[in-house]
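Proteins get letters first, then strands, A, B, ... in listed order; numbering begins at 1 in each. Everything numeric in this text was worked out from a predicted model, so none of it was measured. Values below: every heavy atom of this structure, side chains too, minus hydrogens, waters and symmetry copies.
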Amino acid sequence: MSEPAADDFASRVLDVVESIPAGMVMTYGDVAAAIGSRAPRAVGQVMARFGSEVAWWRVIRSSGLPAAGHEARAIELLTADGTPLTTGADGAVRVDLAAARVR
DNA sequence: ACGGTGACTAACC
DNA sequence: CGGTTAGCCACCG
């Protein structure tokens, strides 16, 4: 079955993402570390499959940029959550990790 | 069982 | 600061 088990890696990732409060974000590496893993890539795989069920836009890259291919969409949701953003001169918007990163 | 792939990261130049 | 290289783990066919 495609339904994940309670102890499945994917469920842990989704659980961490759901635990991210509005207005703050976590990097893929932070989410992986939160579940005791070192695979930010595997976290991205889970997001690509089940991300639609969680606040995927609160999970960004270490660069402060949102998920690749969903940047514009993420910025809208981040703005709605009141996430501190920094706009570049060329219009590139990124999250202020120093202020929004969960600690 | 095996190899390729991916919503990544850190290190290096 | 930006492009490139290598490392990394989990999932799919």
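- Checking the phosphate oxygens (OP1, OP2) of B:dT9, no side-chain nitrogen or oxygen of A:Ser63 falls inside 4.0 Å.
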What donor-acceptor contacts under 3.5 angstrom involve side-chain atoms of residues 82-89 of chain A, with partners at least two apart or in another chain?
from, atom 1, to, atom 2, distance (Å)
A:Thr83, OG1, A:Leu78, O, 3.2
A:Thr86, OG1, A:Arg94, O, 3.1

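- Counting to the nearest Å, the C1' atom of B:dA7 and the CH2 atom of A:Trp56 are 9 Å from each other.
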List the steps and the verdict of side-chain contact (heavy atoms from CB on, under 4.5 Å) for A:Phe50 and A:Val13. CA-CA 10 Å; A:Phe50 305 96; A:Val13 174; over 6 Å; no
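- When heavy atoms are screened at a 4.0 angstrom cut-off, A:Ala48 is found touching base atoms of the nucleic acid.
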Given side-chain contact (heavy atoms from CB on, under 4.5 Å), test A:Trp57 with A:Glu76 step by step and report yes or no. CA-CA 9 Å; A:Trp57 60 90; A:Glu76 286 185 82; over 6 Å; no
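- Pair assignment for C:dC12: B:dG3, on the basis of Watson-Crick or G-U wobble contacts that are both within less than 3.5 Å.
- Boundaries of the chain A contact region on DNA chain C are C:dG7 to C:dC12, first to last in 5' to 3' order (nucleotide atom under 4.0 Å from a heavy atom).
- Between the CD1 atom of A:Ile60 and the C1' atom of B:dT9 there is a distance of 13 Å, given to the nearest Å.
- Toward the 5' end of DNA chain B, the nearer of the two residues A:Ala42 and A:Ser62, judged by each one's closest nucleotide, is A:Ala42.
- Comparing A:Gln45 and A:Pro40 against DNA chain C, the residue whose closest nucleotide sits nearer the 5' end is A:Pro40.
- Taken to the nearest 0.5 Å, the CH2 atom of A:Trp56 stands 6.0 Å off from the NE2 atom of A:His70.
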What do the steps show when you test A:Leu97 against A:Ile60 for side-chain contact (heavy atoms from CB on, under 4.5 Å), and what is the final call? CA-CA 9 Å; A:Leu97 286 172; A:Ile60 62 173; 3.5 Å; yes
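- Looking at A:Ser37, its side chain never comes within 3.5 Å of a backbone N or O of A:Ala33 through a donor-acceptor pair.
- Rounded to an integer number of Å, the gap from CZ of A:Phe50 to C1' of B:dG6 is 15 Å.
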